[in-house]
Amino acid sequence: MRKESRVLVCVTGQKSCARLIHDGAEIAAEEGASLSVVHVAKMGSNFLGSASEAEALEYLFAISKSHSADMMLLRNDDVVHTIAAHARRIGATIVVLGSDSNQRQNRLSRALQDALPDVEIRVRVGLAD
């Protein structure tokens, strides 16, 4: 029996991440995979940051639900380890990240590729998260 594929989309607390979820849903449909969404908040920060972040995350939950995706909010200072552990736990075969071409996002994608060598990391340029 073949293991179900899963696409994991990583988002921040910004409404613009809805585009990443839509993109992840298209990838999941092409791959015949299910879709999951994750947001990791660092320990020292207010989990919902501000009223606007809380509103954005509520919006992203609704977008996720409209694509039959589950969405997890996780808390840990080690974002890479947390995403990698979650990806392994759910059996992700593809991880989708947004990028505005800055170095921080490039480091994140490289670190995730190192942590998840058997998982395809797709960086969607112009879809900053």
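No hydrogens, no waters, no symmetry mates; every other heavy atom, side chains included, goes into these values. Remember, it's a predicted structure, so these values are computed and weren't measured experimentally.
Not counting sequence neighbours, the partners of Glu120 by the side-chain contact (heavy atoms from CB on, under 4.5 Å) test are Ile94, Arg122. In terms of the salt bridge (charged side-chain N to carboxylate O under 4.0 Å, His left out) criterion, Glu58 has no residue partners (sequence neighbours excluded). Under the side-chain contact (heavy atoms from CB on, under 4.5 Å) criterion, Lys65 pairs with no residue at all, not counting sequence neighbours. By the salt bridge (charged side-chain N to carboxylate O under 4.0 Å, His left out) test, Asp70 pairs with Arg6, sequence neighbours left out. Looking at residues two or more places apart in sequence or on another chain, you find no ring-ring contact (aromatic ring centres under 6.0 Å, His included) involving His86. With sequence neighbours left out, the side chain to side chain donor-acceptor pair (under 3.5 Å) criterion links His81 to no other residue.
In this structure the side chain of Val37 never reaches within 4.5 angstrom of the side chain of Leu60, judged on heavy atoms. Side-chain contact between Met71 and Leu57: present, with at least one pair of heavy atoms (C-beta onward) separated by less than 4.5 Å. Side-chain contact between Ser68 and Leu35 is absent, with no heavy-atom pair separated by less than 4.5 Å. Between Val38 and Val40 there is a side-chain heavy-atom pair separated by less than 4.5 Å. Considering only heavy atoms from C-beta on, Arg89 stays 4.5 Å or farther from Met72 through its side chain. Contact annotation: the side chain of Val9 never approaches that of His67 to less than 4.5 Å [non-hydrogen atoms, C-beta and beyond].
Ala56 and Gly13 make their closest contact through CB-O, 3.4 Å (heavy atoms, listed as atom of the first residue, atom of the second, distance). Residue Val123 comes nearest to Ser99 through the heavy atom pair CG1-CB, 3.3 Å, listed as atom of the first residue, atom of the second, then distance. For the residue pair Leu20 and Cys10, the shortest heavy atom distance occurs at CD1-O, 3.5 Å. Annotation for Ala18 and Ile63: closest pair CB-CG1, 4.1 Å, computed over non-hydrogen atoms. Of all non-hydrogen atoms in Leu8 and Ala92, the two that sit nearest each other are CB-CB, 4.0 Å.
The line from CD1 of Ile83 to CG of Leu116 is 9.0 Å long, rounded to the nearest 0.5 Å. Atom CG of Leu74 and atom NZ of Lys42 lie 14.5 Å apart (nearest 0.5 Å). Note that CG of Leu112 is 6.0 Å distant from CG of Leu97, once rounded to the nearest 0.5 Å.
Glu31 places no side-chain N or O within donor-acceptor distance of the main-chain N or O of Glu26, the cut-off being under 3.5 Å.
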